[in-house]
Structure formats: C-alpha cells, structure tokens
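Down below is the structure, laid out as structure tokens.
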Amino acid sequence: MSKNTPICDQQEINAYGVFGDIEVWPGKPYPQGATWSEEGVNFAVFSGNATRVDLCLFRESDPSEEVYRIQMMEQTDMIWHCFIPKLATGWRYGFRAHGEWNPRAGLLFNPNKLLIDPFTKAIDGNIEWHDAMFPYPIHDPAEDRYLTMDTLDSGPYITKGVVIDPSYDWEGDKLPEHPMHRTVIYEAHVKGLTQTHPDLPEELRGTYAGLAHPSIIEYLKNLGVTAIELMPIHHFVQDERLVKMGLRNYWGYNTLSFFAPHADYAASGSAGGQVREFKDMVKKLHKAGLEVILDVVYNHTAEGNHYGPMLGMKGLDNATYYRLKSDEPQYYMDYTGTGNTVNMTSVRSLQLVMDSLRYWVTEMHVDGFRFDLASALARGLFEVGRLSTFLDTIHQDPVISQVKLIAEPWDVGPGGYQVGNFPVLWSEWNGKYRDSVRSFWRGDDTGVAELAYRLSGSSDLYELSGRRPSASINFVTAHDGFTLRDLYSYNEKHNEANGEGNRDGDNNNHSWNCGVEGPTDDPEINKLRLRMQRNMLSTLLLSQGVPMITMGDEYGRTQMGNNNAYCQDNEISWFNWDWTAEQRALHSFTRKMISLRMDNPIFHRRRFFDGHTIHDSDIGDILWVSPSGKEMSEEEWNSTNTRAMGMILNGEGMVEFDERGRRIKDDIFLVILNGWWEGVDFTLPGVKEFTIWEQIVHTDSSELSQNLEVKAKEGFLLGPRSLSVFRLKARKANRTSEGKRRVTIVDQVRRLWDMIQE
C-alpha cells in the first residue's frame with residue numbers, strides 16, 4: 001500500500017484490521033494521549049462535539065509529510081481512541097476533528113487543520129507560521145472573516161506530538177521536602193541562567209542539562225536557596241507577531257502543551273530526549289537538596305481569541321475547553337489579557353489540568369507549582385470563589401495536595417485581585433508585601449502600620465483562614481517588572497526594545513532613580529543605589545513568610561530600565577556572570593543574609609507572633625519600638641509621617657517545636673529601619689547596667705559583621721535610608737565564678753520588656 005493511501009477511506013468498509021503495512025485495533029479510552037508499550041501505541045483524545053476524529057501519523061525522518069490518516073472508529077465516554085500494534089517510538093502525530101463549523105455557536109471544527117494532542121508528552125520543534133495556521137482566511141479584510149472556514153492544510157507547518165518511551169531510572173530519587181517555612185525560593189529561567197556561564201559547554205547553554213551542570217548547582221547551593229522556581233517550561237509557542245518583529249517569547253507564558261517540556265530547552269533533541277533530560281535535571285537538583293517548582297500557565301493557551309490560530313484545543317472542542325461569552329459564543333471570556341481563558345467549569349478541562357499536575361509530580365518528580373493568574377482558574381461562573389471546583393479538586397487529590405502550591409492571586413477580570421483569599425494548603429505571591437516594602441523605602445507617606453504586618457508574616461491576610469506565615473510568598477521584585485537594581489535606577493520604564501512604543505509594561509512601579517535616570521558616574525548616587533538594594537534584600541530575608549529572590553537580584557542584574565522584558569531573549573534578560581567588584585560584594589551580602597535567616601529560626605517561624613508568655617510572665621515574642629527606645633504609641637502607628645521604627649524578636653519567647661518535639665529557642669534580635677532621607681538617632685532599648693546590643697548587619701556596608709557593640713540607653717545614629725540588625729549579647733559579668741548566670745536571659749528580657757512598655 002502506498003504511504004499516501006488514506007486508511008480512513010478503507011475503514012468505511014472494514015473498521016479494523018491490516019491496511020497494507022499498518023494494523024488498527026479499537027484501543028482504550030484511557031489514559032488519554034499517546035501511550036507506548038512494547039505491544040504498540042494506544043491513542044486517545046477527547047472531543048464531545050466532534051462527529052469524527054482522525055489520527056495522523058508522520059515519520060521521524062520527514063515530519064512535514066502525513067504518512068497515515070486513520071479514522072478513530074471508537075468513541076467511549078466522548079473519548080476517541082484506537083491502538084496501533086508494533087508502532088515504534090519517535091513517530092510524530094496529530095489529530096483532525098470533523099464536525100459543525102458554526103463560529104456563532106462556538107463550534108469550530110475544521111478538518112483541514114492538524115491539531116496538537118493536549119496530552120502529548122513531547123513536541124517536535126516549533127511552528128512555522130503560515131496562513132494555514134489560522135482556521136479562517138487570515139488575509140480577508142472583512143472584520144467578520146473569522147466566520148469563514150479556511151481550507152488550507154496546516155499539517156506541513158504545525159509542530160507535532162511525539163510517541164515516547166516514558167521509562168526512566170530515577171535511581172531512588174528522593175524529594176528534599178523542605179518545610180515551607182524553611183524555604184528560600186529562587187525564581188529563575190532555564191535559558192537565562194545558563195546561556196552565558198563560562199564553565200558550561202556551548203551545547204549545554206540554555207538547556208535543562210545546563211541547569212543541572214555542577215557549576216550551576218554549586219552556585220545555587222553556595223547562595224543558600226532551597227528551591228528553584230522555573231519560569232514556564234511547558235512547551236510554548238513563539239508568537240507570530242514577535243517572530244515577524246524579529247523578537248522571541250522569552251518568558252514562555254504562551255503555552256501549547258500542559259505535559260510536554262519545552263523542546264528548545266533540550267540539548268538532547270526533540271524526539272523525546274527533552275523528557276529524559278528534564279528528569280535528569282530534577283534528579284541532580286534533588287541530589288543537591290534543591291527543590292524544583294514549576295511556574296505553570298493553565299489559565300490560557302497560545303490559541304488566542306477569535307482571530308487567533310488553531311493549534312489544538314480550539315479545533316478539538318472549542319466550546320468545552322474555553323470560556324465563551326454566553327450571549328455571543330463566537331467570542332471568548334478574557335480574564336487573562338491573552339485573548340482566551342481555559343474553561344475550568346468544564347469537567348474535561350479540569351481533568352486535563354489535574355492529569356497534567358499529577359503527571360509532573362509522579363512522572364517528573366517536581367516539588368510544587370506556582371500557578372500563573374490563579375484567580376482565573378478559581379473562577380466559578382462569574383466570580384472568583386474559594387469553593388471553586390478547581391480548588392476543591394486540588395484539596396481532595398492525594399498527590400497534588402501534598403506538594404507546594406503557590407497562587408498568583410489575581411487576574412485581569414473583575415474582582416480578580418484575591419490576595420489573602422485563597423484557602424488552606426495554598427501560599428500566595430503577596431503583592432501587598434511588595435508594594436508596602438517598596439513604598440516604605442521610597443519614602444512615601446504611608447507610615448509603618450502596614451509594613452509591620454508585612455514584616456511579621458501578614459497575619460491580617462492569612463491567619464483568619466487557618467494559614468500560617470508561610471502562606472505569604474514575600475517578594476520585592478519578580479520576572480514581571482523592574483529588576484532590583486533598576487528599581488533604584490529608573491523612575492520610568494524604558495521598554496522601547498519591545499517594539500510597542502513603550503506602551504507596554506506597568507507604569508506604577510514604586511521605583512526611584514535616586515536622582516539620575518539610568519546609569520551614572522556619580523559615586524554618591526551609585527553608593528545610595530547599592531544601599532537601597534541591600535535594604536530591600538535585608539527586609540525580604542528578615543521578614544516572616546517565604547522569601548523569593550529574582551534571578552540576578554543577588555548581584556545587581558539590570559535590564560536597562562525594561563520592566564516587561566517578555567520578548568527579550570538576549571543580554572537584556574540573561575544572567576551576566578561577569579561581575580564588577582560592587583556586584584561581587586552585593587552577592588556576598590545576599591548570601592550572608594540568607595545564611596543569617598536560615599541559621600536563626602526566629603526569622604522563619606512556623607506560627608504567627610501572638611504574644612505567648614514564657615514562664616508565666618507577660619513577656620511577648622515581638623515588640624515594636626520607636627527611635628526613643630519605647631514601645632510604639634498609637635499616634636506613631638497611625639501617623640503617615642512615621643518612617644522609622646524597630647522590632648524586637650524574642651527567640652526566648654518562641655513556642656515552637658522541632659520534629660522530635662523539642663522546644664525551639666533563639667537569640668533576641670533588634671531590627672531597626674529608617675526610611676527617612678536623613679539619619680535618625682535611635683536609643684537602643686534595655687536595662688542600662690547590663691543590656692548590650694551587638695550589631696550584626698548594617699546596610700551602609702556590604703559586610704555583615706560590624707564588630708560594634710552598643711549599650712542600652714546609648715544613642716545610635718542610623719543613617720538615612722538604612723537598616724541595622726542587633727543581637728542581644730550575653731555578658732560574662734552576668735555569671736558567677738562557677739559559670740552560673742546571675743541574671744538569666746529570661747530575666748533580662750523581662751526587664752527589657754518592662755522598661756520598653758513603661
């Protein structure tokens with residue numbers, strides 16, 4: 001039989017059997033996707049509204065030419081399926097769906113378009129943008145051109161799924177399972193982190209294998225982070241608009257497949273090698289004690305709105321997979337700003353997402369997920385709801401509920417800003433933390449009341465819902481927005497390189513250029529900018545909750561003022577490994593601050609501060625003080641002009657226990673912050689005759705150890721826009737000749753508390 005013979009024509013007479021050099025069996029409806037075994041491959045795909053679905057096979061040697069077209073004669077519970085005996089791995093495949101073409105009803109069946117399997121585990125290469133990629137005649141000038149069916153065949157131009165052998169030797173891989181409160185997240189990009197590293201061979205740069213290279217792993221371990229949060233690695237599409245402009249989608253928030261690792265990040269090719277390479281990466285990171293969290297984009301896909309291309313789900317069952325306007329189903333509900341929103345009120349869409357999440361946990365061994373625009377996933381028919389089907393399903397799932405779950409708690413739809421409103425099990429990107437900390441250090445008239453909530457774990461947002469401080473993912477920068485260095489180098493965004501006339505990106509950044517826009521040779525301004533970066537990093541790492549550091553902020557990476565570098569796959573976005581002396585010093589400072597946090601449990605408590613007493617005294621676990629050394633007054637809390645304060649963290653007052661039930665205690669720390677543009681005299685609190693504070697951090701310098709001791713009641717000048725950390729020093733004078741304490745730490749703290757509160 002000729003390879004061009006359409007098997008589906010013969011199937012009208014004999015549905016199953018031998019057709020030349022290939023055999024077709026009925027197969028099974030589950031699992032969905034292409035499931036390889038030594039006996040052959042089972043294909044299964046959902047479409048509840050199609051009248052027919054064809055399986056199209058392409059040889060590995062020539063993936064542009066369709067070899068076999070097989071009508072899937074079986075439909076079980078709306079799953080179309082068949083089995084091809086003895087089919088080897090490496091074959092490329094896709095589907096064609098037949099049915100009604102009625103865009104006004106949300107039905108877009110066009111068998112001229114080859115469709116990606118939503119469950120494919122690997123994808124070969126990239127889309128070649130051609131007119132055939134659109135379901136309507138794209139060059140028709142009519143505004144309603146999307147109502148007309150296009151007849152061009154997209155098969156030669158669209159990328160295909162790959163049949164793979166999923167077996168893999170994990171060699172006893174064990175998940176690190178770091179407790180959330182002891183987690184430090186590093187938000188990174190597979191390509192951006194590895195593209196210019198001098199120790200990486202050229203062929204490994206920008207790849208999963210590069211990320212697993214000993215040099216990268218050593219860097220992450222030395223920095224002290226415990227988890228790497230990877231920006232999207234689900235296979236995504238290079239937008240047609242960007243390709244025409246000579247740009248690329250660098251961030252990857254344009255998903256095509258929820259199961260396949262992005263092929264461009266694989267050094268081992270796209271015929272399934274990307275799956276093994278990703279697993280190798282996870283295994284090596286786990287051996288180093290590092291967790292892998294994926295930034296996942298389930299809220300939308302790369303198919304856009306009614307003018308977008310037809311790549312997969314749109315052609316398989318548009319009305320099921322996407323949220324359409326109820327009164328005008330030719331249009332999409334767009335809660336994401338990308339043109340479409342995945343329909344999480346649909347059982348089949350929900351199944352797709354849940355199966356994907358379980359796959360990445362059970363088969364790929366990842367440790368958690370950060371959900372992009374999670375509010376869009378949690379929407380019911382109209383509003384974001386705690387009791388949405390999506391959240392309920394996550395909670396009852398025995399696999400997904402046991403990994404780290406992080407929500408980006410907003411979308412672009414009405415009522416989409418949901419910081420603090422997700423239920424137990426969930427942590428959230430705390431946008432209020434970012435805004436509050438930025439405002440304080442910029443010197444805005446916001447006072448310190450909200451900042452105190454953010455420093456102490458945001459109990460106002462999370463405690464009433466039964467969550468703990470680890471529900472707050474604290475960040476001062478992220479991939480979206482200015483880098484930390486640019487936050488204090490630019491008042492305005494500079495996104496001209498994006499080709500959108502600087503109209504893209506957020507205009508409200510709470511940034512400050514310190515007096516000059518952009519780079520400067522002024523030594524005083526550069527000194528101030530470095531101090532501001534140290535202020536932000538110190539605040540982040542001394543706050544209760546889970547800190548997230550954005551790739552490169554630890555050394556002062558710049559994007560030259562671009563706060564929306566989504567399309568800058570170049571030096572603007574990549575990690576630069578060639579550092580100046582100032583950048584090396586900032587990196588050292590960051591590393592030491594992470595170490596300080598991890599070495600002292602008072603900075604990563606499991607529970608909120610709550611005033612628990614110790615030894616039947618009235619000593620609390622946290623106390624807020626003014627520059628006078630006394631407890632903050634109501635007037636100071638309420639004043640928007642208050643820009644300096646201190647917090648005492650009482651490690652002796654912690655009511656927490658380790659995994660063996662032993663009481664956890666720590667030192668007593670005093671953190672003082674000055675957001676003024678002038679220095680502030682602080683009277684360090686305590687009992688004059690025996691309280692001595694040892695300075696361990698001062699953001700005026702990149703060195704942590706200051707070797708400075710300050711007695712209680714003595715004045716300490718905290719410089720403009722700076723932060724200091726002190727540890728209460730135990731004095732030998734408080735001990736007898738036998739080494740016994742005359743004045744115990746508890747007694748010291750009790751007297752300290754009493755004097756501050758007088």
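Every value quoted in this text rests on a predicted model; they were computed, and no experiment measured them.
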(request) Classify the ring geometry between Trp410 and Tyr417 as parallel (under 30°), tilted (30 to 60°) or perpendicular (over 60°). (result) parallel
(message) Could you tell me if Lys121 sits above the aromatic ring of Tyr359, with its cationic atom closer than 6.0 Å to the ring centre and no more than 45 degrees from the axis?
(response) yes
(request) Determine, stepwise, if the pair Tyr332 / His300 fulfils ring-ring contact (aromatic ring centres under 6.0 Å, His included). (result) CA-CA 11 Å; Tyr332 296 82; His300 73 277; over 10 Å; no
(request) With His234 as reference, evaluate Phe369, Tyr253, Trp360, Phe259 under the ring-ring contact (aromatic ring centres under 6.0 Å, His included) test and give the passing residue. (result) Trp360
(request) Could you tell me whether Arg348 and Asp317 have a side-chain N and a carboxylate O separated by less than 4.0 Å? (result) no
(message) Taking side chain to side chain donor-acceptor pair (under 3.5 Å) as the criterion, tell me which of Lys279, Lys283, Glu363 meets it with Tyr168.
(response) Lys283
(request) From the options Trp36, Phe43, Phe58, select the one residue that forms a ring-ring contact (aromatic ring centres under 6.0 Å, His included) with Tyr93. (result) Phe43
(message) Between Arg454 and Asp460, does any NZ, NE, NH1 or NH2 come within less than 4.0 Å of an OD or OE carboxylate oxygen?
(response) yes
(request) Please answer whether the main-chain N or O of Ser375 pairs with a side-chain N or O of Gln418 as donor and acceptor at a distance below 3.5 Å. (result) no
(request) Report yes or no: does Trp80 contribute a side-chain atom to a donor-acceptor pair with the main-chain N or O of Ser47 at less than 3.5 Å? (result) yes
(message) Using a 3.5 Å distance criterion without hydrogens, assess whether the side chain of His178 forms a donor-acceptor pair with backbone atoms of Gly289.
(response) yes
(message) Looking only at the side chains, is there a donor atom on one of Asp480 and Tyr566 sitting less than 3.5 Å from an acceptor on the other?
(response) no
(message) Tell me whether Arg323 forms a cation-pi arrangement with Tyr335, defined as NZ or CZ under 6.0 Å from the six-membered ring centre and within 45 degrees of its axis.
(response) no
(message) Tell me whether Glu428 is salt-bridged to Arg467, with the criterion being a basic N under 4.0 Å from an acidic carboxylate O.
(response) yes
(message) Counting neighbours of CD on Glu218 that are heavy atoms of other residues, nucleotides or ligands and sit closer than 6.0 Å, is the number greater than 12?
(response) no
(message) Is it the case that over 12 heavy atoms from other parts of the model lie below 6.0 angstrom from the CE atom of Met78?
(response) no
(message) Against Val292, only a single residue in Ile233, Asp367, Leu175 fulfils side chain to side chain contact (heavy atoms under 4.5 Å, CB included); can you say which?
(response) Asp367
(message) Quick check on the 6.0 Å ring-centre criterion: do Trp426 and Phe371 meet it?
(response) yes
(message) Taking the six-membered ring for Trp, are Tyr298 and Phe258 closer than 6.0 Å centroid to centroid?
(response) yes
(message) Given 3.5 Å as the limit, does a donor-acceptor pair link the side chain of Asp411 with the main chain of Leu373, or not?
(response) no
(message) Against Tyr250, only a single residue in His262, His479, His189 fulfils ring-ring contact (aromatic ring centres under 6.0 Å, His included); can you say which?
(response) His189
(message) Within the 3.5 Å criterion, strictly below it, is a donor on Thr477 or Asp553 matched to an acceptor on the partner's side chain?
(response) yes
(request) Examine His213 together with Tyr219 and report whether their ring centres are nearer than 6.0 Å. (result) no
(message) If the threshold is 4.0 Å, N to carboxylate O, is there a salt bridge linking Arg370 and Asp295?
(response) yes
(message) So for atom CZ, which belongs to Arg276, do other residues, nucleotides or ligands contribute more than 12 heavy atoms lying within a distance under 6.0 Å?
(response) no
